[in-house]
Colleague: 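Below are the structure tokens for one structure; questions will follow.
The chains referred to below are lettered A, B, ... by the order of the sequence lines, with proteins before strands, and numbering in each begins at 1. Keep in mind that what you see is a predicted model, and the values were worked out from it rather than measured.
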Amino acid sequence: MKKDFYGTALATPLMLGTAQYPSPAVLADAFRESDASVATVSLRREGGGGAGGAFWDLIRDLGVHMLPNTAGCHTVKEAVTTAHMAREVFATPWIKLEVIGNTDTLQPDIFALVEAAGILADDGFEVFPYTTEDLVTADRLVEAGCRVLMPWAAPIGSGLGPVNEYGLRSLRAHFPDIALVVDAGLGLPSHAARVMEMGYDAVLINSAVARAGDPVAMAGAFAKAVEAGATAAAADPMDARDMAAPSTPVIGKAFLA
Amino acid sequence: MKKDFYGTALATPLMLGTAQYPSPAVLADAFRESDASVATVSLRREGGGGAGGAFWDLIRDLGVHMLPNTAGCHTVKEAVTTAHMAREVFATPWIKLEVIGNTDTLQPDIFALVEAAGILADDGFEVFPYTTEDLVTADRLVEAGCRVLMPWAAPIGSGLGPVNEYGLRSLRAHFPDIALVVDAGLGLPSHAARVMEMGYDAVLINSAVARAGDPVAMAGAFAKAVEAGATAAAADPMDARDMAAPSTPVIGKAFLA
Amino acid sequence: MKKDFYGTALATPLMLGTAQYPSPAVLADAFRESDASVATVSLRREGGGGAGGAFWDLIRDLGVHMLPNTAGCHTVKEAVTTAHMAREVFATPWIKLEVIGNTDTLQPDIFALVEAAGILADDGFEVFPYTTEDLVTADRLVEAGCRVLMPWAAPIGSGLGPVNEYGLRSLRAHFPDIALVVDAGLGLPSHAARVMEMGYDAVLINSAVARAGDPVAMAGAFAKAVEAGATAAAADPMDARDMAAPSTPVIGKAFLA
Amino acid sequence: MKKDFYGTALATPLMLGTAQYPSPAVLADAFRESDASVATVSLRREGGGGAGGAFWDLIRDLGVHMLPNTAGCHTVKEAVTTAHMAREVFATPWIKLEVIGNTDTLQPDIFALVEAAGILADDGFEVFPYTTEDLVTADRLVEAGCRVLMPWAAPIGSGLGPVNEYGLRSLRAHFPDIALVVDAGLGLPSHAARVMEMGYDAVLINSAVARAGDPVAMAGAFAKAVEAGATAAAADPMDARDMAAPSTPVIGKAFLA
Amino acid sequence: MRLYLNGEAVEVEAGTLAGLLEERGLGDRLVATAINEVFVAAASRETQELKDGDRVEVVAPMQGG
Amino acid sequence: MRLYLNGEAVEVEAGTLAGLLEERGLGDRLVATAINEVFVAAASRETQELKDGDRVEVVAPMQGG
Amino acid sequence: MRLYLNGEAVEVEAGTLAGLLEERGLGDRLVATAINEVFVAAASRETQELKDGDRVEVVAPMQGG
Amino acid sequence: MRLYLNGEAVEVEAGTLAGLLEERGLGDRLVATAINEVFVAAASRETQELKDGDRVEVVAPMQGG
């Protein structure tokens, strides 16, 4: 039942972003507390200050898998070129493919996404596409060679939690064999637990940890939440029902009225 | 910020019921996995088989606080007499006061509840009243001497999760100094995490663990979920917002379009 | 199926409050547009200016039933005395019984409510108690002689719509023969339509109409919404289901692929 | 603020499907009761029985605009050919463009949809695309020449109501000048009222009316609901707020405590 | 005599509730009355005597929700 | 000649689409037509010749959602 | 003497609650007791006399939620 | 020669991409490169000649979500 990610089994179902932390030290502590198995990273222009190298050392010391993204790309060409640069720098075929289609919601441009995913998959990349809950887009991405899908729960950084739980459940039901990771929009550990209970294979969190008052503590909270949700999904939860049922047996109750 | 329960600090915010388990062995394993700090128990007619003594030994060996209930009582008199018998047998002033007012929903009869709570508090009991989210009832219970309140989330055994989150948040906001425990109706770890995030001091779970396909694993899931929620509440979560905000910084992005 | 209100059949299931309108003219126009069958009114100190008489004439000319309230009362005594004064002035045994128990939420003090309802019912009043969705309180009110119940949907003037739809459905299911009116907290016509679809017998609206940018138009919107909801409840709606079903028949479709 | 549909102003914001009625007579009565301004129709193989002609006469007599659909089409080619046949038979450039991408959910194949919409728009059709709430897809459809969009609320025939209200609100906010019609998934008049309150320009209903126990009455219920919602949207509703606000003024209240 | 009318301390001549209403120009008004938090029916106003310090409430129809 | 009319294999005399509709009693019906998945306008039916194996679709108005 | 023990009619020899528990083999059990819906503390069992028709409840620890 | 390095107009001596990185003190940095929106692998930098007006991008690892 536990799925791998292009042949890699993850020790924990938590992927953690590396942006927006108050300091590198807090970032490092948050990762340790989070027990995350994957760190998302990106590329920016080298100013000559060598910040890139320092950051690289920091992440490498975390001992987690690196998942470079194409954040901020708006076209197929941009995303593909960025993916190639990321593969060389981070020395991994993994790429979190983002092609942004709307600047308010930062949601994926699913048309460009499918095109770019096909190009990259053909070129040997292992694509983690940032997508919506749309089933048809998911079909196209799988046809393009994706073995992992990363649907959003809500706009990036909104912290709203799943705005379309029905859609996420439907996606899970239609792709039982594809690794599904909820990316973007989760704001609380209970959101993460909920999607794991729904059978998702992992979640990617960044803002909800980095922008918390205490990022390190919040990292630990998400670590426990995803574990709770994953365990519950495997433990066959009771069915909810409209009527009540006594937990304490009534038989043998003393008559004292 | 962490509240005590009539002077007793609890090691964990999880209270676990002892009913409906497949076997005593599973019950014991579930408790160990749950890390629960409190076990709810009750009284039934002694048939002569001595089951009562065996159960007592089992629970005592768990090394947790015992919280006897008055489950199934429908009148003030029944509840009060049952409370006295429980205090003697379990040797504790704690009593989870249930006075049932409706056989479909097993919801509290808040009128009888307030009356019984006053009688018992005057008699030296430390009352844990099973109540609704109603603020006025809560006021009466506090006036009657209760320092802990146990509002329902949904009907006992329904597993629906909070049917009135607004009401539960309002109760929390109006009673910042009273220990609040969500009792009844939680079905999933994400429900438990959510109410802890809302600032509740503990949750009481029974059916959701005992009736899971794997009660022991589910007990562990709830253990992590309450810890996740409690940690998150203390870590100052980000505010949710309608609009998106990029997690990966856009400054310095390469121009590749 | 259509219920009466202490023997009075209402032409429409809309009760409309008379407070907070920009002007008496707007109030009158809103009532005409709303087709409301009942107007809620209250009592205030007579300053000598005779505003009371003018208001009385205005309401009387609306040709609707008057339902005086005990708004703002916090004790049984206040509410009972106010009810007597209202009965004399408005010449009706109807009284919308409000006993406020919390100044933030303006929710009913259900303990004082039940007591006052009993006193007034014994004194020949026809009591419309403003209550919560609590089933046990409802039982007590019915025992006290109430034949109509007015549960809240949300705090007065909040416009949130039903915060506990489960509770409102449960109340409806448990009191099939009592006239149930949702009072307080509805903010939009869709809220009113929804509770009528749930089988409620009427709704009471005030702030949502009076505080709208165009109170007269909004009054008409609520008139249609309650009618829509009541009609739907009687027309046996389709059951919702998780899976899709084609509306256009597929049989006989041309093959053009 | 009221938008036209390719230059045609609609008398009412209700579009009604013509399928699944118990009989042609019920269909006709439902339309009269619904006050619908548009009827959706389709094409099927002519068996020789001439049912088509009889149906045509029935619909023509309704005196409403006809909106032929391409229901059941799964490819661009099918949809385009069907559109051409529909334009000839129904003598209208309007086409409700459906290209189904999933047989469980009957949701649109947005990739084929955008392609087909472009082909048809270039060929002089006035396209009403059945789409999702996806903003990027909406952009592509508008670029392709669509001046009307028909996002789903939930799977066709499910009656669930909006499963992603956030997404529908976002779509409305991003396309203030495009006529938006919620198509598919609405089950109750309150659902229709809600989307109209959100600023949608019309709704298309079929199953919820045709499959109701009393389709004619339900048609009337939806007629009122959409009118209620549209009126409310224009009447500037009050803002919802968490706290209560007294409707009855407290000033001048008698002191009777 | 000194009493409280709708919360205000007033000096009055009248000895009955009816007289008070007259004196205050409220005789013909559509009002209901209470003294010291107890309802006094219109029919009893003539005979209802006032005492020093009475708290008299006189209310009229107003808007309500 | 043998072709497919609305999915059924049929033997026909007519050489044109218009002729086929006549032969099948559909000449005066309100229908639209396609051959081999391509739309054929009413105006072209007279001149539209049929070939062996053609897949002819003839559709009429029906209920739709 | 005839009384009701946990809802069942029983014939008993003992004259006290303590005696009844002995007689029933419950003397050493961890139980709590009530007679006619009133709690009887363990310390009072020796002196608590039984009357014909008493409704005696004897309860022990059990599972609860 | 004049070209654009990470969006800034710069005057350079070097004729190859490798030379440019040297000249700019980026020779030993962990970076990836593109010219005119096309990726240039590290292995090709020595042979990759520069032309006047080239748009060169040099990027390094950074935080990402």
Colleague: Of the backbone (N, CA, C, O) and the side chain (C-beta and beyond), which part of D/Pro162 lies under 4.5 Å from a heavy atom of chain A, both, or neither?
Modeller: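 Neither the backbone nor the side chain of D/Pro162 comes within 4.5 Å of chain A.
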Colleague: Looking at D/Gly167, D/Pro155, D/Ala112, D/Ala154, which has the largest count of heavy-atom pairs under 4.5 Å with chain A?
Modeller: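 Of the candidates given, the most pairs with chain A belong to D/Pro155.
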Colleague: Please find the pair of heavy atoms, one from D/Gly187 and one from D/Ala208, that lie closest to each other, and give the distance.
Modeller: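 Smallest heavy-atom distance, with atoms named: O-CB, 3.6 Å.
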Colleague: Considering only heavy-atom distances, could you tabulate the donor-acceptor pairs under 3.5 Å between chain A and chain D?
Modeller:
{"residue": "A/Asp104", "atom": "OD2", "partner": "D/His174", "partner atom": "NE2", "Å": "2.8"}
{"residue": "A/Gln107", "atom": "NE2", "partner": "D/Asp134", "partner atom": "OD1", "Å": "2.8"}
{"residue": "A/Asp109", "atom": "OD1", "partner": "D/Arg140", "partner atom": "NH2", "Å": "3.2"}
{"residue": "A/Asp109", "atom": "OD2", "partner": "D/Arg140", "partner atom": "NH2", "Å": "2.9"}
{"residue": "A/Asp134", "atom": "OD1", "partner": "D/Gln107", "partner atom": "NE2", "Å": "2.8"}
{"residue": "A/Arg140", "atom": "NH2", "partner": "D/Asp109", "partner atom": "OD1", "Å": "3.2"}
{"residue": "A/Arg140", "atom": "NH2", "partner": "D/Asp109", "partner atom": "OD2", "Å": "3.0"}
{"residue": "A/His174", "atom": "NE2", "partner": "D/Asp104", "partner atom": "OD2", "Å": "2.8"}

Colleague: Would you give the length of the straight line joining atom CG of A/Leu67 to atom CG of A/Leu204, rounded to the nearest 0.5 angstrom?
Modeller: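 Nearest 0.5 Å value for the CG-CG distance: 7.5 Å.
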Colleague: For D/Pro129 versus D/Cys146, what's the shortest heavy-atom pair and its separation?
Modeller: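 Closest pair (atom of D/Pro129, atom of D/Cys146, distance): CG-SG, 3.8 Å.
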Colleague: Using ring pair (Phe, Tyr, Trp, His ring centres under 6.0 Å) as the criterion, list what pairs up with D/Phe175, not counting sequence neighbours.
Modeller: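 By the ring pair (Phe, Tyr, Trp, His ring centres under 6.0 Å) rule, D/Phe175 matches no residue at all.
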Colleague: Under a 4.5 Å cut-off applied to non-hydrogen side-chain atoms, are D/Phe128 and D/Val181 in contact?
Modeller: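 Counting from C-beta outward, D/Phe128 and D/Val181 never come under 4.5 Å.
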Colleague: Please identify, among D/Val136, D/Val114, D/Ile110, D/Leu160, the residue contributing the most non-hydrogen atom pairs under 4.5 Å to chain A.
Modeller: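 Top count of heavy-atom pairs under 4.5 Å with chain A: D/Val136.
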Colleague: Can you measure from CD1 (D/Ile95) to CZ (D/Phe125) and round to the nearest 0.5 angstrom?
Modeller: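 The CD1 atom of D/Ile95 sits 6.5 Å away from the CZ atom of D/Phe125.
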Colleague: Roughly how far, to the nearest 0.5 Å, is CD1 of D/Ile100 from CG of D/Leu113?
Modeller: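 That separation rounds to 9.5 Å.
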